[in-house]
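Let me begin by presenting the structure, written as structure tokens, before commenting on it.
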Amino acid sequence: MDLAPVLDGFAVVLEPTNLLYCLIGVVVGMLVGVLPGLGPAATIAILLPITIGIEPVTAIIMLAGIFYGAQYGGTITSVLLKLPGEASSVVTVFDGYAMARQGRAGTALGIAAIGSFAGGTISIVALSFLAPLVASFALDFGPPEYTALALLGILLVATVSSGSRLKAVVAACVGLLLATVGRDGFTATERFTFGNLNLADGLDFVPIAMGLFGLGEILYNLEQRHNATQAPTKVANVWPSRQDLRQSSGAIGRGSVIGFFLGILPGGGATLSSLAAYAVEKRRSKTPERFGKGAVEGVAGPETANNAAATSSFIPLLTLGIPANATMAVIFGALLVVGVTPGPQLVTEEPELFWGVVNSMYIGNILLLIMSIPLVGLFVKILRVRPAILAPITVLITLIGVYTVNNSVFDIVLVIVFGVLGYLMKKAGFDPGPLLLAFVLGALLEDGLRRSLLIFDGDATGFFTRPISGTLLVVFLLVAVYPFVATLRSRRRQEPAQDTSDPNTKELV
């Protein structure tokens, strides 16, 4: 690889103006992540008019900083308030909030910051060296591959649930059903709208997430307040201990790899990466029962993966002109606004812009690490606020955040409806996480499946004739069959033990 363009890219980033906008992007991204409901996609869309008056490379550096800065910012509310503002932060809620209730909020946020830095940095290095190879691989992805990827992701939904697997599957099915609400993407026929125009475009992620994890959790805690654990009055060990770092080092490494490869795939992104990383850590753990109760690996893996994915998702955007997720689509629009057409020619015709944006991520991740860990002590002070004060503030933040996305009163109604649903699910022992994650993947699954069947003339065996989709479906089948095989093996091991302990067997011997 020719290093001259890479070095020129560093020269571009180190210009004072670009450094300033990189800092602005990271800071705004963290604040956006902290505010539930106002995600990076909405923020970047709002800032699009600003990009017209500045240099293209400067504008994209700032927007990129907002994107990966928001990934860590979303962790703060997930850990402290059990209130994820982005789909990629949902998985962090499981163990991050449990650690906070144990007085280890500082450790959770510190590990998240270190994991985010490591995942982002490793992903940038891999992006720099493997972009051409990875781009050619991502180019082979079509509807059959999307379908197989979504199926595998939905199967993993049942794995991340800390409760009953059957209840997790039921919740995931409800999430898939909710994903079908709105106009059919192929025929424009309205489905499950009941004549309500507000449902014609389908349900939005933000009201569902804020309802299930925001209002639902508040209602449940208010009912159980006499049994609830109070927020710790003192938070120590903001910097993770050596044991925590040793325990999470493997999860950080695996999360970096998972996030990088899933981030480059259209439809994968930070959400599926965090989900897959959590599932991998839980499956390989010798004590999986710790997950959902404050396992540090349950924070390190997903947080590393979603930052790695946020970085690697720039590969198909910049080299192929393919946005891998909604935020990348907005940044794609920003590139067109400033007169830059992303695609294979961008690397050769505008190397300063390409490598300037890529190298700005090194600086941005360093700034993120420098700012995040020292500010952890400020963030965890939220836990000292009394629940009687914190609950109304959380409700207010949730409703304002949801309203600002679409300026829709109907979204506030949806938040209340899903808040009640989340409360009832908690009462019945259902984990709302699988519902939300299946909802996110449902649209990808339906669109990919129907397009694939059109390609294969209705022949479902066509999925196995394509190398990538066939491989993903084989992995899907192996993951689906594994629990049954493991159960049969455990029963066979128990039967000989029961035979040797039978007195009649001993007499015969």
Side-chain angles (χ1 to χ4, degrees), residues 33 39-40 67-79 82-99 108-109 111-120 122-123 149-150 152-162 168 172 175 205 209 213 248 250-265 267-284 291-292 295-313 324-328 431-441 444:
F67 182 40
Y68 56 79
Q71 302 303 319
Y72 176 75
T75 307
I76 298 168
T77 49
S78 295
V79 171
K82 199 175 185 180
L83 192 63
E86 287 290 307
S88 60
S89 302
V90 171
V91 184
T92 308
V93 167
F94 302 149
D95 287 279
Y97 185 72
M99 291 179 68
L109 292 175
I111 284 292
I114 294 172
S116 297
F117 173 76
I122 292 172
S123 186
L149 187 65
L152 184 59
I154 292 171
L155 179 63
L156 291 174
V157 165
T159 306
V160 304
S161 177
S162 57
F205 161 77
F213 286 94
S248 59
I252 290 174
R254 288 183 291 271
S256 299
V257 176
I258 292 171
F260 175 78
F261 284 105
L262 290 184
I264 61 177
L265 304 179
T271 302
L272 187 59
S273 300
S274 60
L275 164 64
Y278 189 90
V280 166
E281 295 309 313
K282 186 175 181 180
R283 279 189 176 276
R284 75 181 307 279
F291 284 76
V296 69
E297 306 98 298
V299 175
E303 283 304 310
T304 303
N306 65 30
N307 246 273
T311 301
S312 63
S313 60
N325 50 58
T327 308
M328 288 294 104
D431 188 348
L435 186 155
L436 185 62
L437 293 169
F439 171 77
V440 172
L441 296 174
L444 173 66

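The model shown is predicted, which means the values in this text are computed figures rather than measured ones. Start at 1 with the first residue, then count along the sequence.
Note: Lys282 NZ to Asp95 CG = 9.0 Å, rounded to the nearest 0.5 Å. With values rounded to the nearest 0.5 angstrom, Leu109 atom CG is found 11.5 Å from Ile114 atom CD1. Between Thr92 atom OG1 and Met99 atom CE the span is 11.5 Å, to the nearest 0.5 Å. Between the CZ atom in Phe261 and the OG atom in Ser256 there is a gap of 11.5 Å [rounded to 0.5 Å].
Remark: Ala300 pairs with Ile111, Ser248, Ala251, Ile252 by the side-chain contact (heavy atoms from CB on, under 4.5 Å) rule, at least two apart or across chains. The side-chain hydrogen bond (donor to acceptor under 3.5 Å, both in side chains) check on Ser116 picks up Asn307, with sequence neighbours excluded.
When all heavy atoms of Phe67 and Ala310 are compared, the closest pair comes out as CE2-O, 3.4 Å. Taking each heavy atom of Ala308 and Gly255 in turn, the nearest pair found is CB-O, 4.4 Å. Heavy-atom minimum distance, Glu297 versus Phe291: CB-CZ, 4.1 Å. Pairing each heavy atom of Gly298 with each of Tyr278, the nearest pair is O-CD1, 3.6 Å. Nearest heavy-atom pair across Ala276 and Leu262 is CB-CD1, 3.8 Å. When all heavy atoms of Ser273 and Ala305 are compared, the pair lying nearest together is O-CB, 3.5 Å.
Between the side chain of Ser274 and the main chain of Pro302, no donor-acceptor pair closer than 3.5 Å is present.
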